[in-house]
Amino acid sequence: GDDGDVIVGGGVVTRKEKLAIIPGAPALCSPRRWQKFGVLYVTFMNSRFVNLYAGMRKMGPDELFHLYYGRAPPTRDAKNGLWEVELANILG
């Protein structure tokens, strides 16, 4: 907008919001999806998922998992979330 807002992935980030680097282990990212679908498509889809999670629709993690992977989410255990369970399954 005219007051210095920045459009990011279909949402507006105002100057009051700050970007931060979250401490801890780095996120793992496989290049396969980027190589298969291309940078523009993957960037668009990542923005879409962020907006589905945090935007007006407010999809839950189970719905997002199903939409992203095309299958039901794995069974959750008490100490790990869906993404940790899936990563453990991938890594064996």
Do [X] and [Y] belong together in a cluster built from hydrophobic side chains that touch within less than 4.5 Å?
X     : Y     : result
Phe49 : Val39 : yes
Tyr53 : Met59 : yes
Leu52 : Tyr41 : yes

Would you mind reporting whether [Y] and [X] have side-chain heavy atoms less than 4.5 Å apart?
X     : Y     : answer
Arg71 : Phe65 : yes
His66 : Asp62 : no
Thr43 : Trp34 : yes
Val42 : Asn46 : yes

Please determine if Arg33 forms a cation-pi arrangement with Tyr68, meaning its NZ or CZ atom is less than 6.0 Å from the six-membered ring centre and no more than 45° off the ring axis.
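Checked: cation-pi criterion met.
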Roughly how far, to the nearest 0.5 Å, is the CZ atom of Arg48 from the CG atom of Leu67?
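Rounded to the nearest 0.5 Å, the CG-CZ separation comes out at 5.0 Å.
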Distance (rounded to the nearest 0.5 Å) between Ser30 OG and Gln35 CD:
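So the OG of Ser30 and the CD of Gln35 are separated by 7.5 Å.
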Within a 6.0 Å radius of atom [atom1] on [X], are there more than 12 heavy atoms belonging to other residues, nucleotides or ligands?
X     : atom1 : value
Phe44 : CZ    : no
Phe37 : CZ    : yes
Ile90 : CD1   : yes

